[in-house]
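Computed from heavy atoms alone, side chains included, the values below leave out hydrogens, waters and symmetry copies. This one's a predicted model, so the numbers in the text were calculated from it and none came from an experiment. A, B, ... follow the sequence lines: proteins, then strands. Residue 1 opens every chain.
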Protein chains: 2
Amino acid sequence: MPGPTIYDVARAAGVATSTVSRAFTNPGRVGETTRSRVLEVARELGYEPNPHARALTSNRTQTIAMVVSDITNPHFFELIRGAEMRAKAAEYTLVLVNAEESPRIERAQIRRVARSVDGFLLAASRQPDADLAELAATRPVVLINRQVRDVPSVVVEHSEGCRQIVAHLASLGHTSLVYLAGPRNSWMAGSRWAAIRAAAAELGVTAHRSGPYTPTVSSGGAAADAAIGSGASAIIAHNDLLAIGVLRRLAQRSVRVPDDVSVVGFDDIFAADLCTPALTTLGGPHDRVGRAAVEILLDSLTARPDRRPAPQMAPPSQLVIRESTGPAPQAARQPQGGAG
Amino acid sequence: MPGPTIYDVARAAGVATSTVSRAFTNPGRVGETTRSRVLEVARELGYEPNPHARALTSNRTQTIAMVVSDITNPHFFELIRGAEMRAKAAEYTLVLVNAEESPRIERAQIRRVARSVDGFLLAASRQPDADLAELAATRPVVLINRQVRDVPSVVVEHSEGCRQIVAHLASLGHTSLVYLAGPRNSWMAGSRWAAIRAAAAELGVTAHRSGPYTPTVSSGGAAADAAIGSGASAIIAHNDLLAIGVLRRLAQRSVRVPDDVSVVGFDDIFAADLCTPALTTLGGPHDRVGRAAVEILLDSLTARPDRRPAPQMAPPSQLVIRESTGPAPQAARQPQGGAG
DNA sequence: CAACACTTGGCAACCGGTTGCCAGTCCTCG
DNA sequence: CGAGGACTGGCAACCGGTTGCCAAGTGTTG
């Protein structure tokens, strides 16, 4: 059962265990002929190094953990996929960890696997900046769609993207929009709202914020109702799931999209292209983001921890215009009351 | 950096390392007062057991691997999610492994992580029966949506489901259907076809098979064209992705669904409800499947390997009827030639 | 031919827990 | 009061690699 060990190989090849070990991990340190003989014998015996034994002394596990804020969200699948493939190419194993939208669970989970992984990919972390900075000081970390000073990160470019959304809506004649915000401790939610508000101010569009909402389809109902109440003719939802939920509710209420109201999402998940009307959304190369994050992490694992600046990447986003956005209705609707 | 070890705890608590070890892993073996003192000290020191050191002797890693045939396929996300959550509840970590639809890669990946996990969940494995049986003889394995004699498995019930599909179509007046088959070495593809054919024979419906096709949206084009060529009035696609691809192609060719032709998929992925027309599909409780698979695996890890029969579970599927199926067109279409 | 550098392989300690075995303590029962 | 057993804790070997250090072998140079 427990497969051959380095000892078996050493005996069969007539060398010391240290030689076998080095043949695998430190090729330059052993003679070429010896090395090939060892490898040959190892192959014959079906030897496979025991990763735990290796990790024990070397502290290298060839494993990285990817923590996602909510494994339910299809947005992450692209990310996971990209990360998994890149990790595999580097002979690393990816461990998937779900934070269930809870900072507390996120902490606990990270702590749990901390000893068994070489580093962390934190996607849309819900933890406060300070905690992330602290973690990053101890262990290699790359943030995804989150920015914290001095911590490496990959964030899909979105301030320009948000500008494009607002410009797109403004050019269609919309003068008032509402942003349906994501979770309170989502960095993205704050960041997007800031960008939207700035762009709106610049382009002479009124922008309101509503929320926070959990970024799920089922939250879309309440979000849609709030949006309608706001009187805005354009809705920007925190993500595609929420946007799809909004579309559903609007259809229920016989509000026509895009005739009566326009809807925009974020992420460009697979389903965005399939719903009716197809969703205009700010997409990004999410699989590339996953890849890039792994690459940065691997770099920081390999390289000296010389204090060079933490790498920050911002792959471009792109506004995918589909059918959920259109010209603003002629009679600009006014806010219909609301408790303010 | 490398955190406190049991030696530190032992010293601080004034006991031997073995006592510390037992306090954690074998509570009954140590006095209650000693135990609580040790745990107290450990907590103060922030001690966290090193999983690798533990795995080295105990051969328990608290980790299970989930191998999916293609991580790109949204169908698996439900499965992954269910498995991840169940694993977490048992304090197990889930490792995600992608087989990229290749039996060879699947083998290699399994081999790679074999030493670092306690067992395997194999979802839609593409390996031959013999290989799976062999693997299962060596290591704890639970198959998902695949059946091999004497190997534990969880398979969404589908023969009755296939019957329901055919009955549904027959009751709508369809007399000829075509099954767009999945990959050649997909067990599900074979199994579904058998069930469909049997049901068709029984209900007096003509059934043809076309394919194999990769189960992706982009394969849907060719599949749709072949289906049209077959002259059947109803199309059963191997999964929802393929079905969605088919819908797209049909729309391009101005074939109306369901007026001219009906389309059915499998899996009931999130997007099935969003596409136009919404897809009729055979769904299943996939998250439950993931959960159940983990549970069976955990059982087989804990229990004595007494030769009791390998557990087989078949959670029920359900035919979700949406808009892509409807009455057969009046004038039954005839096969339009085709090269045999 | 001697001195020296370089290459290559082996020895053994070590990583951090786990566990079989032994010994001391305390309790119970005859 | 002594023997037998249950309960606790410690000792030390062990899991399977890694790596610092040493020594033998080989080649180079003066």
Side-chain angles (χ1 to χ4, degrees), chain A residues 1-42 45-63 91 112-118 301, chain B residues 1-42 45-63 91 112-118 301:
Chain A
M1 193 82 40
T5 72
I6 196 179
Y7 294 90
D8 302 319
V9 177
R11 195 173 331 114
V15 298
T17 60
S18 47
T19 304
V20 178
S21 174
R22 287 196 270 252
F24 280 95
T25 58
N26 200 351
R29 187 59 181 70
V30 71
E32 188 43 53
T33 55
T34 320
R35 168 147 189 274
S36 58
R37 180 156 45 93
V38 168
L39 295 185
E40 168 68 16
V41 171
L45 264 49
Y47 167 75
E48 201 78 18
N50 181 320
H52 298 109
R54 176 173 285 179
L56 199 48
T57 44
S58 67
N59 268 323
R60 282 177 269 108
T61 65
Q62 297 283 105
T63 298
E91 305 229 276
R112 221 175 71 69
V113 300
R115 306 292 280 263
S116 23
V117 303
D118 290 343
L301 292 178
Chain B
M1 196 82 35
T5 72
I6 59 170
Y7 293 90
D8 303 319
V9 177
R11 195 174 331 114
V15 298
T17 60
S18 47
T19 303
V20 178
S21 174
R22 287 197 270 251
F24 281 95
T25 59
N26 201 349
R29 186 61 181 70
V30 70
E32 188 43 52
T33 56
T34 322
R35 171 148 188 270
S36 59
R37 180 156 46 94
V38 168
L39 294 186
E40 169 66 17
V41 170
L45 264 50
Y47 166 75
E48 200 79 17
N50 181 320
H52 298 110
R54 176 173 285 180
L56 199 47
T57 46
S58 67
N59 268 323
R60 281 178 270 110
T61 66
Q62 297 281 108
T63 299
E91 306 228 277
R112 221 176 69 69
V113 300
R115 305 293 280 263
S116 21
V117 304
D118 291 342
L301 292 178

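If you find the closest nucleotide of DNA chain D to B:Val30 and to A:Thr25, the one lying nearer the 5' end belongs to B:Val30.
For residues 45-63 of chain B, the salt bridge (charged side-chain N to carboxylate O under 4.0 Å, His left out) pairs, not counting sequence neighbours, are A:Arg111-B:Glu48. Listed by first and then second residue, the salt bridge (charged side-chain N to carboxylate O under 4.0 Å, His left out) pairs involving residues 32-41 of chain A are A:Glu40-A:Arg43 (not counting sequence neighbours).
Remark: P of C:dT18 and CD of B:Gln62 are 11 Å apart, rounded to the nearest angstrom. What separates OH of B:Tyr7 from P of C:dT18 is a distance of 11 Å, to the nearest Å. Going from atom CG of B:Asn59 over to atom P of D:dG17 covers 12 Å, rounded to whole Å. Atom CG of B:Asn26 and atom P of D:dG10 are 15 Å apart (whole Å). Rounded to whole angstrom, the span from the CD1 atom of B:Ile6 across to the C1' atom of C:dC14 amounts to 14 Å.
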Return a table of donor-acceptor pairs under 3.5 angstrom between the side chains of residues 7-28 of chain A and protein atoms on other chains or two or more places apart.
unit_1, atom_1, unit_2, atom_2, d
A:Asp8, OD2, A:Thr5, N, 2.8
A:Thr25, OG1, A:Ser21, O, 3.0

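Among the atoms of the strands shown, none is found under 4.0 Å from any heavy atom of B:Phe24. Counting non-hydrogen atoms under 4.0 angstrom, B:Val20 reaches nothing in the nucleic acid. Within the 4.0 angstrom heavy-atom criterion, no nucleotide atom of any strand lies near A:Arg35.
B:Arg115 approaches A:Pro49 most closely through the heavy-atom pair CG-O, 4.2 Å.
One cannot find a donor-acceptor pair under 3.5 Å joining the base of C:dC15 and the side-chain atoms of A:Ser58. Between the side chain of A:Ser18 and the base of C:dC11, a donor-acceptor pair under 3.5 Å is found.
For A:Asn50, there are no side chain to side chain donor-acceptor pair (under 3.5 Å) partners, not counting sequence neighbours.
Within a heavy-atom distance below 4.0 Å of DNA chain D, the residues of residues 46-56 of chain B found are B:Leu56.
Summarising the geometry, atom OG1 belonging to B:Thr61 is positioned 8.5 Å from atom CG belonging to B:Leu301; distances are rounded to the nearest 0.5 Å.
The phosphate of C:dT18 has OP1 or OP2 within less than 4.0 Å of a side-chain N or O from B:Ser21. Within the 4.0 Å cut-off from OP1 or OP2 of C:dG17, not a single side-chain nitrogen or oxygen of B:Thr57 is found.
Between the B:Gln62 side chain and the B:Glu91 main chain, a donor and an acceptor come within less than 3.5 Å of each other.
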Can you tabulate the close N/O pairs, meaning under 3.5 Å, that link protein atoms to atoms of nucleotides 21-27 of chain D?
unit_1, atom_1, unit_2, atom_2, d
D:dC21, N4, A:Arg29, NH2, 3.3

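Using a 4.5 Å heavy-atom threshold, the side chains of A:Val113 and A:Ser116 count as touching.
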